[in-house]
There are 2 protein chains.
Amino acid sequence: MLDQPTRNRRAEQRSRTRAEIIDAAWEIARESGLAGITLRDVAARVGMRAPSLYSYFDSKNAIYDAMFAEGARDFLAGVEALTPTGDPLTDLKNGMRFYVDFATADPVRYQLLFQRTIPGFEPSPESYAPAVKALEIARAELSRLGISDPGALDLFTALGAGLISQQFANEPGGDRWTRLVDPATEMFYAYVLPARDQGNRRERRQ
Amino acid sequence: MLDQPTRNRRAEQRSRTRAEIIDAAWEIARESGLAGITLRDVAARVGMRAPSLYSYFDSKNAIYDAMFAEGARDFLAGVEALTPTGDPLTDLKNGMRFYVDFATADPVRYQLLFQRTIPGFEPSPESYAPAVKALEIARAELSRLGISDPGALDLFTALGAGLISQQFANEPGGDRWTRLVDPATEMFYAYVLPARDQGNRRERRQ
DNA sequence: GTCTATATTTGGATAGAC
DNA sequence: GTCTATCCAAATATAGAC
């Protein structure tokens with residue numbers, strides 16, 4: 001009998017080609033928007049014809065799903081790389097800064113991951129899992145900093161999302177809103193601080 | 001000679017039909033999204049065939065433009081209907097509440113007016129004018145309340161946009177974020193208040 | 001003004017040869 | 001695995017009869 005080779009060169013080549021296809025799709029999305037991806041264009045960019053893509057992906061949505069999975073993995077990796085300094089305000093700033101930078105670094109990726117914009121596309125549970133894990137880490141970290149009130153947590157995420165939303169809608173490519181990460185975090189911290197130091201200052205009953 | 005009739009019945013009928021078409025387009029957009037509007041569907045809903053729409057609008061984008069104009073007029077009317085109470089915090093709350101309510105009352109309208117989501121569509125200057133006027137009124141009103149620092153103004157609009165963005169993305173139809181209008185406004189007000197009462201506390205030089 | 005018929009384009013997906 | 005050829009569907013827009 002012949003020994004099995006320890007590496008499967010065929011499988012490796014296949015996954016390289018899959019990665020190439022995904023990269024081409026990202027490129028097109030950055031130029032023409034997420035909805036502007038067409039199989040013809042993707043194929044052309046990797047030197048193929050459209051039908052050949054079906055040897056690597058079952059459908060166009062399967063390509064979106066692979067893109068989503070990649071983006072979610074990157075987001076999770078970034079969140080896990082955040083190391084607490086011990087100073088709550090600094091940690092909050094670092095967290096919001098990471099989120100805003102992640103969005104501005106690749107608006108199309110942000111759109112795919114955090115907004116529901118592609119009609120008919122829903123990420124598969126496997127692709128979604130890293131995103132869930134990342135958000136859970138963020139929640140736990142805020143809780144560790146003493147921010148466990150759900151309303152306060154929602155306010156914090158809204159603040160980040162708002163800076164990004166306004167930046168993208170009104171001045172894409174600029175920093176008029178994203179440069180407000182520090183003041184925004186300070187505003188938030190000053191607001192939740194009294195509740196932490198003086199007990200439940202605000203209403204808990206409702 | 002015959003006198004001209006004071007009313008042009010033909011023109012009135014025509015503008016009634018145009019309004020019907022716009023209404024049908026809104027209905028479809030609320031069901032299938034802005035991009036889901038097709039001339040076939042719009043026509044069917046007003047009892048026509050698609051080509052007949054071209055007697056009323058030059059193109060599909062002309063329909064989007066008329067929708068944009070209507071939405072912008074409604075927004076302006078709402079902003080003009082806001083009457084200051086004299087209490088700055090109350091006025092700020094009312095302003096943000098109006099903005100959030102306007103968005104949640106018709107997410108698709110919000111999307112058309114305040115985000116750039118339809119590829120290839122740009123509102124005409126005439127349609128855009130009311131929106132510009134409304135934002136100018138809002139800016140002047142905040143300035144009257146003592147908030148003239150551009151950064152603070154941007155922070156305030158980001159706060160409203162953030163509540164809406166999170167609400168739409170994570171819990172469409174709910175109120176987990178939009179019910180935070182009052183706390184958010186209080187947080188903001190507490191942040192800008194010291195600057196107003198004690199002079200320029202925060203950095204102005206940068 | 002409205003219709004039928006049609007042009008034109010586009011894009012996802014499949015069949016089958018090589 | 002990749003190709004050509006093709007299918008199928010959808011959508012905007014136009015031509016021309018009535």
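- In this structure, A/Ile118 atom CD1 and C/dG12 atom C1' are separated by 15 Å, rounded to whole Å.
- B/Leu180 and A/Leu155 get closest at one heavy-atom pair: CD1-N, 4.1 Å.
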Enumerate all atom pairs, one protein N or O and one N or O from nucleotides 4-6 of chain C, separated by less than 3.5 Å.
unit_1	atom_1	unit_2	atom_2	d
C/dT4	OP2	B/Arg49	NE	3.2

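- For A/Ile63 against A/Ala25, the heavy-atom pair with the smallest separation is CG2-CB, 4.1 Å.
- By the side-chain hydrogen bond (donor to acceptor under 3.5 Å, both in side chains) test, A/Arg45 is found to be paired with A/Glu27, A/Glu31, residues two or more places apart in sequence or in another chain being considered.
- Per the geometry, CG belonging to B/Leu39 stands 14 Å off P belonging to C/dC3, to the nearest Å.
- Residue A/Trp177 comes nearest to B/Thr157 through the heavy atom pair NE1-OG1, 3.6 Å, listed as atom of the first residue, atom of the second, then distance.
- Contact detail for B/Ile147 and B/Ala152: the closest heavy-atom pair is CG2-CB, 3.8 Å.
- Sequence neighbours left out, the pairs with a member in residues 120-139 of chain B that pass salt bridge (Lys or Arg N to Asp or Glu O under 4.0 Å) are B/Glu80-B/Lys133, B/Arg116-B/Glu122, B/Glu136-B/Arg139.
- Applying the ring-ring contact (aromatic ring centres under 6.0 Å, His included) rule to pairs touching residues 23-61 of chain A yields nothing, sequence neighbours excluded.
- Applying the side-chain hydrogen bond (donor to acceptor under 3.5 Å, both in side chains) rule to B/Thr38 yields the partners B/Asp41; only residues at least two apart in sequence or on another chain are considered.
- Taking each heavy atom of A/Arg49 and A/Ala43 in turn, the nearest pair found is C-CB, 3.4 Å.
- When rounded to the nearest whole Å, the span between OH of A/Tyr56 and C1' of D/dG1 equals 6 Å.
- Per the geometry, CE belonging to B/Met48 stands 7 Å off P belonging to C/dC3, to the nearest Å.
- Residue pairs satisfying the salt bridge (Lys or Arg N to Asp or Glu O under 4.0 Å) criterion with at least one member in residues 168-180 of chain B, sequence neighbours excluded, are listed as follows: A/Asp154-B/Arg176, B/Asp175-B/Arg179.
- Look at CZ on A/Phe57: it is 16 Å from C1' on D/dT2, rounded to the nearest Å.
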Under-3.5 Å N/O pairs linking protein and nucleotides 16-18 of chain C:
none

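- Of the two residues near DNA chain C, A/Gly36 and A/Asp58, the one whose nearest nucleotide lies more 5' is A/Gly36.
- For A/Tyr64, there are no side-chain hydrogen bond (donor to acceptor under 3.5 Å, both in side chains) partners, not counting sequence neighbours.
- A/Leu53 comes within contact range of no nucleotide atom at all, as no heavy-atom separation falls under 4.0 Å.
- Residue pairs meeting the salt bridge (Lys or Arg N to Asp or Glu O under 4.0 Å) criterion with at least one member in residues 55-74 of chain A, sequence neighbours excluded: A/Asp74-A/Arg109.
- A ring-centre distance under 6.0 Å is not found for A/Tyr189 and A/Phe156.
- In the region residues 13-35 of chain A, proximity to DNA chain C at under 4.0 angstrom, judged on heavy atoms, holds for none of the residues.
- End-to-end axis angle of the helix from C/dG1-D/dC18 to C/dC18-D/dG1, using five pairs per end and rounding to 10°, comes to 10°.
- In terms of the side-chain hydrogen bond (donor to acceptor under 3.5 Å, both in side chains) criterion, residue partners of A/Arg16 (sequence neighbours excluded) are, by chain and number, A/Gln13.
- Among the heavy atoms of the strands, none lies under 4.0 Å from A/Ile63.
- Residue contacts for A/Gly47: at a heavy-atom cut-off of 4.0 Å it reaches the sugar-phosphate backbone alone, with no base atom in range.
- Dashed line: the shortest gap from a side-chain N or O of A/Tyr54 to OP1 or OP2 of D/dT2 is not under 4.0 Å.
- Nucleic acid contact for A/Ser55: base, since at least one base atom lies under 4.0 Å from a heavy atom of the residue.
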